[in-house]
Peer 1: 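Here it is, the structure in full.
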Amino acid sequence: MSIPGISEAIIRHNSNASSYSRGEEYYRRGAIPSVSFANADLKKRGNLIQAEVEGGEITPYRVSIRFDAGGITSACCTCPYDYDGWCKHIVATLLSCSRQSEIIEERPTLEQLLNRLDILQTQRLLQELVENRPEIIDDIDEFVSLIDLPKPQTKQSSTRQSKIDTSPFRSHVKRILRDGLKELEYGSEEDPFTDDLLAVIEKARELAENGDGNNAIAILETITETYAQEWDELLDYGGDSYSIAEPLDSAWTEAILCAEMSTGEIVDLQLMLESWQDEISADFSMSLEALRQGWDYEPLQEIMQGDDSAELWENERPSYADDLALIRLQILERQNRYTEYLNLALAEEMTLQYLTQLAALGRVEEAMSAAKILMEKAEEGFALAKILREDGYLVEALEICQAGINLTGNCLYEFATWTSDLAQGLEDNATALTASIIAFKIRPSFRDYGKIQDYAGETWLTLKQDLLQTLRDQPDWGIREAQVDIFLHEGLIDDAIKTVERDTYYTSELVHRVMDAAVSHRPNWVIDNARRRAEPIMEQGKADRYDAAVSWLKKVKAAYIQLGQKAEWSAYRSKLEAAHGRKRKLMELFKELNT
């Protein structure tokens, strides 16, 4: 696959100003190991671009960028950067791809390389890799162990005799609870149980996922019984089962639906679950219902066979119905029972699962037709669009996006941003613009503001006024930085001042930025606001904040000078020195006001 057009606008939009500037600097000085970027170490393997970029460490950072015909799908770097957008190393790599694509070296993919090797050559390769990097033998060991796990089966053994030794699990759970109680005795306020217990429960889930429901039940019996035995002591320390009960109920449900049990074993397990839920004040309603229905429950069978008239729930649909349906669907998918999966998902109104499974099966036309009828939430559209894109159906993915971003949901910002990038890659400027506007109105940012300007063309002046009004109408504290960035960018000093007027933080960086911009426009505001921030710190003798007070006083000085009132500044400073002259630390810091 050839590399899609990587515009510098896209690079700017996905990195903050600092990262882009530093990335540009890296690009110009040739931070990718080479004499110059003309011979840069850039490789393309299929739809993957790789580069090594020199940074602050001895070892270069490794950049990996994946793409499809719609543009970049992911970009990552081994550097520790964890802030807004792409890091400078990714920016430098992409600038090289954009400006000097001819230097990218075409190399074989991993699959192509491995296809050249026979079994003996592959073994030799692994042996040499382990000799040079001994730590990867653990990865190989884990991979081989996973291969040896039992595969999911439609039918398991008809007996519930388990082969697993549950003693280690019992000891493990007891140790977790005993150690946790000791921590509580010593006054710990943190939860000392949940994470470790969830890890043990996960072992049972892994068995169930691999079709071994019987051994999963054996482990869950051990966990639940041991937990119940220690319950009275847990209660003495204010313990509750809330954080454990729901994961246990879910794990029990999956294990039950993956196991084969006789009627007597079902009755025994029902009695145990009912007893345990009373003992530890838990709710095992879902697992008890799974035990009652199993897979042979007649209404369930009718639904999975496609009977539209069948009703799974005789009375009111219980609160756990969706969770139970999801567990059933996961099992059906693992067992490749796709027709039953689709029938159950449709009957249970699990639209997201129904649409994405159709797409995953390659039944794209059906998925598209069904989406037009069934899709009601943005989450459904986003999930379907991502699967379509992963499978190479980019035009269809964009069509789903165009409908989905107009729906309600909790993922609209991420969905709209994703849609904008895909549309831009497919050169659909109108959709890119619409999606960027939706994203901006949900969560305003300077980056999306810039994207809209790039896409808007002749309509920008009209759109800009609407976006600025959106900013003014949203007093949300969480968008103040975006408001300041944009208002200052547009020279709207009064709007920026209004944005930070109620910001009382004694070292507010945003207020400093606004004052720097406002000193020539509203110097009197700067004087009044900066004095109001500096004076209480000095009057209250907060020595640890004196440096902040002096920072505000520098703003006062700059504003007086802007007004041509050096004498007034000198008088004000003298007044402060007379009032606080005994505060030696403060007076030492006052020397900074001389510059």
Side-chain angles (χ1 to χ4, degrees), residues 162 164 166 168-184 188-209 212-259 261 265-294 313 315-331 348:
S162 62
I164 197 166
T166 59
F169 294 94
R170 187 180 305 278
S171 299
H172 192 182
V173 173
K174 281 187 174 180
R175 184 168 65 255
I176 291 170
L177 297 175
R178 294 296 181 187
D179 290 347
L181 286 170
K182 287 180 182 177
E183 289 187 37
L184 293 178
S188 172
E189 296 182 0
E190 300 293 328
D191 179 352
F193 308 111
T194 300
D195 288 345
D196 290 335
L197 287 173
L198 290 178
V200 183
I201 293 171
E202 187 58 28
K203 298 295 184 183
R205 296 196 74 129
E206 289 172 3
L207 286 172
E209 288 174 2
D212 192 353
N214 294 339
N215 279 325
I217 286 177
I219 294 175
L220 290 170
E221 280 185 12
T222 301
I223 296 171
T224 313
E225 181 181 36
T226 306
Y227 191 77
Q229 289 171 351
E230 304 293 332
W231 179 244
D232 288 341
E233 197 165 357
L234 290 173
L235 272 180
D236 290 341
Y237 284 92
D240 65 70
S241 62
Y242 177 79
S243 58
I244 293 298
E246 187 174 337
L248 262 180
D249 191 29
S250 179
W252 268 113
T253 301
E254 186 166 9
I256 287 166
L257 293 175
C258 291
M261 292 181 283
E265 289 167 336
I266 291 173
V267 172
D268 289 344
L269 184 52
Q270 177 186 342
L271 293 174
M272 283 192 291
L273 285 171
E274 290 173 344
S275 174
W276 286 326
Q277 75 172 356
D278 290 339
E279 286 183 52
I280 65 175
S281 302
D283 182 2
F284 292 153
S285 298
M286 181 167 65
S287 45
L288 284 166
E289 186 65 23
L291 194 62
R292 183 182 73 83
Q293 291 184 1
W313 305 104
N315 301 311
E316 185 179 351
R317 184 179 176 85
S319 60
Y320 56 77
D322 285 352
D323 292 332
L324 177 56
L326 283 172
I327 291 172
R328 289 191 189 277
L329 292 175
Q330 289 165 3
I331 295 170
E348 287 289 88

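Along the sequence shown, residues are numbered consecutively beginning with 1. As the structure is a prediction and not an experimental result, all values here were calculated from the model.
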Peer 1: Can you find a heavy atom in the side chain of Trp252 that is under 4.5 Å from one in the side chain of Glu221?
Peer 2: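 In contact.
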
Peer 1: Would you check if Leu324 and Arg328 make a side-chain contact, meaning some heavy-atom pair closer than 4.5 Å?
Peer 2: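 Sidechains of Arg328 and Leu324: in contact.
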
Peer 1: What pair of heavy atoms forms the shortest contact from Cys258 to Ile331, and how long is it?
Peer 2: SG-CD1, 3.7 Å

Peer 1: Verify side chain to side chain contact (heavy atoms under 4.5 Å, CB included) between Leu197 and Tyr227, making sure each step is shown before the conclusion.
Peer 2: CA-CA 10 Å; Leu197 287 173; Tyr227 191 77; 3.8 Å; yes

Peer 1: Measure the spacing between CD of Glu274 and CG of Leu271 and express it to the nearest 0.5 Å.
Peer 2: 6.0 Å

Peer 1: Less than 4.5 Å apart, side chain to side chain, heavy atoms only: is that true for Ile327 and Met286?
Peer 2: yes

Peer 1: List the residues meeting salt bridge (Lys or Arg N to Asp or Glu O under 4.0 Å) with Arg178, not counting sequence neighbours, and say none if there are none.
Peer 2: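 Applying salt bridge (Lys or Arg N to Asp or Glu O under 4.0 Å) to Arg178 gives Glu230, Glu233.
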
Peer 1: What are the two closest non-hydrogen atoms of Tyr320 and Ser285, and how far apart are they?
Peer 2: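 That would be CE2-CB, 3.7 Å.
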
Peer 1: Specify the closest pair of heavy atoms between Arg205 and Pro247, including all atoms of both residues, with the distance to one decimal.
Peer 2: NH1-O, 4.2 Å

Peer 1: Test Val173 against Thr222 for side chain to side chain contact (heavy atoms under 4.5 Å, CB included), laying out the working first.
Peer 2: CA-CA 9 Å; Val173 173; Thr222 301; 5.8 Å; no

Peer 1: Return the minimal non-hydrogen interatomic distance between Ala255 and Ala216, and the atom names on each side.
Peer 2: CB-CB, 3.8 Å

Peer 1: Below 4.0 angstrom, N of the basic side chain to O of the carboxylate: do Arg170 and Glu225 qualify?
Peer 2: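 Here Arg170 pairs with Glu225 in a salt bridge, since their nearest N and O are under 4.0 Å apart.
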
Peer 1: Any side-chain donor paired with an acceptor under 3.5 Å for Ser275 and Glu279?
Peer 2: yes

Peer 1: Are side-chain heavy atoms of Ile217 and Met261 found at a separation under 4.5 Å?
Peer 2: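 Touching, per the 4.5 Å side-chain cut-off.
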
Peer 1: Can you measure from NE2 (His172) to CG (Asp196) and round to the nearest 0.5 angstrom?
Peer 2: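 So the gap between those two atoms works out to 6.0 Å.
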
Peer 1: Could you give the distance from CD (Gln270) to CZ (Phe284), rounded to the nearest 0.5 Å?
Peer 2: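 It comes to 14.0 Å.
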
Peer 1: Using modelled atom types and a 3.5 Å cut-off, is there a donor and acceptor pairing between side-chain atoms of Ser281 and backbone atoms of Gln277?
Peer 2: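 Such a contact is absent between Ser281 side chain and Gln277 backbone.
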
Peer 1: For a side chain to side chain contact (heavy atoms under 4.5 Å, CB included) check, start with the C-alpha distance between Glu246 and Asp249, then their side-chain angles and the critical distance, and finish with the verdict.
Peer 2: CA-CA 5 Å; Glu246 187 174 337; Asp249 191 29; 5.7 Å; no

Peer 1: Atom OG of Ser250 and atom CG of Asp323: how far apart are they, to the nearest 0.5 Å?
Peer 2: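 One finds 7.0 Å between OG of Ser250 and CG of Asp323.
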
Peer 1: Between Thr253 and Leu257, is any pair of side-chain heavy atoms under 4.5 Å apart?
Peer 2: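 Sidechains of Leu257 and Thr253: in contact.
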
Peer 1: Is Arg317 salt-bridged to Asp322, going by a charged N under 4.0 Å from an acidic O?
Peer 2: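 Asp322 and Arg317: salt-bridged.
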
Peer 1: Is the closest side-chain heavy-atom distance between Leu291 and Ile266 below 4.5 Å?
Peer 2: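 Leu291 vs Ile266: side chains touch.
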
Peer 1: Does any non-hydrogen side-chain atom of Glu209 lie less than 4.5 Å from one of Glu254?
Peer 2: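 Of all side-chain heavy-atom pairs linking Glu209 with Glu254, at least one is under 4.5 Å.
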
Peer 1: To the nearest 0.5 Å, tell me how far Leu207 CG sits from Asp212 CG.
Peer 2: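 Answer for the CG-CG pair, Leu207 versus Asp212, is 5.0 Å.
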
Peer 1: Could you tell me the separation between the CG atom of Leu198 and the CD1 atom of Ile244, rounded to the nearest 0.5 Å?
Peer 2: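 If I round to the nearest 0.5 Å, the distance is 4.5 Å.
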
Peer 1: Going by the rule salt bridge (Lys or Arg N to Asp or Glu O under 4.0 Å), which residues pair with Asp278 if we only count those two or more places apart in sequence or in a different chain?
Peer 2: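 Asp278 satisfies salt bridge (Lys or Arg N to Asp or Glu O under 4.0 Å) with no residue once adjacent residues are dropped.
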
Peer 1: At their closest point, which heavy atom of Thr226 faces which heavy atom of Leu177, and how far apart are they?
Peer 2: O-CD1, 4.1 Å

Peer 1: When you compare the side chain of Ile256 with that of Leu273, does any pair of heavy atoms fall below 4.5 Å?
Peer 2: yes

